[in-house]
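This structure is a prediction, so every number in the text was calculated from the model and none was measured.
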Amino acid sequence: MTEPALHAAHPAPSPGCPPPHPAPRRPTLVLPPGSCDAHCHILGPAAVFPYAPERTFTPLDAPKEQVAALHTHLGLSRAVVVQSSCNGHDHRTLLDALTAGHGRLRGVALIGERTTRAEIEELHRAGVRGFRLNFLPHLRTAPTREEIDSVLERVDGLDWAAELHLTGAEVADHEALVRALPGRVVIDHLARVDLGDGPHSPALRSLRRLLDTGDVWLKVSGVDRVSRQGPPYADAVALAASFVRQAPDRVVWGTDYPHVNIRGAAPDDGLLVDLLADIAPDPAHLRRLMADNPAELFDFPPAPTVPADPHVEQT
């Protein structure tokens, strides 16, 4: 295939899928050894891994090499790659990335009604340790309880976490469902709560109750999505910090790179890392958030305990 044909194979990106920040800053915050980006996406290249025909949006490519380079720049040594809905139930992109990651990556799958147990076991061997349920209307109609039960039956015995992608109002609506799900449940991106509803909104009260159960985890990622103020997202950072204080052993964080389905320009991922100094100012909490908790949740080997040599330049 010629080079012009390769370029022609890529469909135009949808509105809300901007290019990544052109020059993310190098973070000043020194992250703990074994720090993990617990939520990122690998997309394309579309010429090799075409996007699903039934997708509701089209991103720009963010291939595994691009994502790995960002992690090196940010000081992250591990990552969890979440299957994007634009890839549907075709996990070739994810499997390719996990193979190339040599144990540095874990995955979260999207299990469809036609995904077989054999395919799920292949995903598990490759490093998948969770499945995602999308409730957002711009991605799909909310899964029914029958669909959820079908997924639970097919992943039984693998100890996968259930990741829920929903909006703030839906936290309260689905609180009973979350409580009924077996095993560990992870809620994405601060539940995308509406900060305009105030600190005691039904969504936040429900989310805090769920965290108190001991079985629910929260990704304190997505401050750029939740903030009503813009960078440096002080309102959302304060909310994320409150959850770290509430449940320091059941919070994880991710870049959400490459930031699809957003308003405006993509955030500076270096800034997002530096904001962790305010989200988890206690060094013990920071280590839990970035290293220990993701290792437990996604079945990584224990994070190293020896700090990096301060005389060695971190790349």
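Pairs of residues two or more places apart, or lying in two chains, that qualify as side chain to side chain donor-acceptor pair (under 3.5 Å) and include a residue from residues 93-112 are K64-D96. Sorted by first and then second residue, the ring pair (Phe, Tyr, Trp, His ring centres under 6.0 Å) pairs with a member in residues 194-249 form an empty list; sequence neighbours excluded. Sorted by first then second residue, the salt bridge (Lys or Arg N to Asp or Glu O under 4.0 Å) pairs that include residues 30-59, not counting sequence neighbours, number zero.
Residues that satisfy the side-chain contact (heavy atoms from CB on, under 4.5 Å) test with D156, not counting sequence neighbours, are absent from this structure. In this structure H174 satisfies the ring pair (Phe, Tyr, Trp, His ring centres under 6.0 Å) test together with F135, sequence neighbours excluded. Residues passing the side-chain contact (heavy atoms from CB on, under 4.5 Å) test with R25 are D268, L271, D274, sequence neighbours excluded. Remark: P63 engages P45, D61, E65, Q66 in a side-chain contact (heavy atoms from CB on, under 4.5 Å) (not counting sequence neighbours). By the side chain to side chain donor-acceptor pair (under 3.5 Å) test, E296 is found to be paired with no residue, residues two or more places apart in sequence or in another chain being considered. Legend: residues meeting side chain to side chain donor-acceptor pair (under 3.5 Å) with R184, ordered by chain and number and at least two apart, are D159. Under the side-chain contact (heavy atoms from CB on, under 4.5 Å) criterion, S77 pairs with no residue, sequence neighbours left out. Residues that satisfy the ring pair (Phe, Tyr, Trp, His ring centres under 6.0 Å) test with H39, not counting sequence neighbours, are H41, H189. Residues satisfying the side chain to side chain donor-acceptor pair (under 3.5 Å) test with D215, not counting sequence neighbours, are none.
Remark: side-chain polar atoms of T213 are not paired, donor with acceptor, to backbone N or O of R209 under 3.5 angstrom.
Electrostatic pairing of D188 and R132 counts as a salt bridge here, judged by a charged N lying under 4.0 Å from a carboxylate O. For E163 and K219, the salt-bridge test passes: some basic side-chain N is under 4.0 Å from an acidic carboxylate O.
Residues V80 and C36 have side chains in contact (heavy-atom distance under 4.5 Å, counting atoms from C-beta outward). Side-chain contact check for V108 versus V128: every heavy-atom pair is 4.5 Å or farther apart.
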Residues R129, D299; criterion salt bridge (charged side-chain N to carboxylate O under 4.0 Å, His left out); working and verdict: CA-CA 7 Å; R129 293 297 183 268; D299 190 30; 3.0 Å; yes

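Exactly one residue among L210, L207, V216 makes a side-chain contact (heavy atoms from CB on, under 4.5 Å) with E175. That residue is L210.
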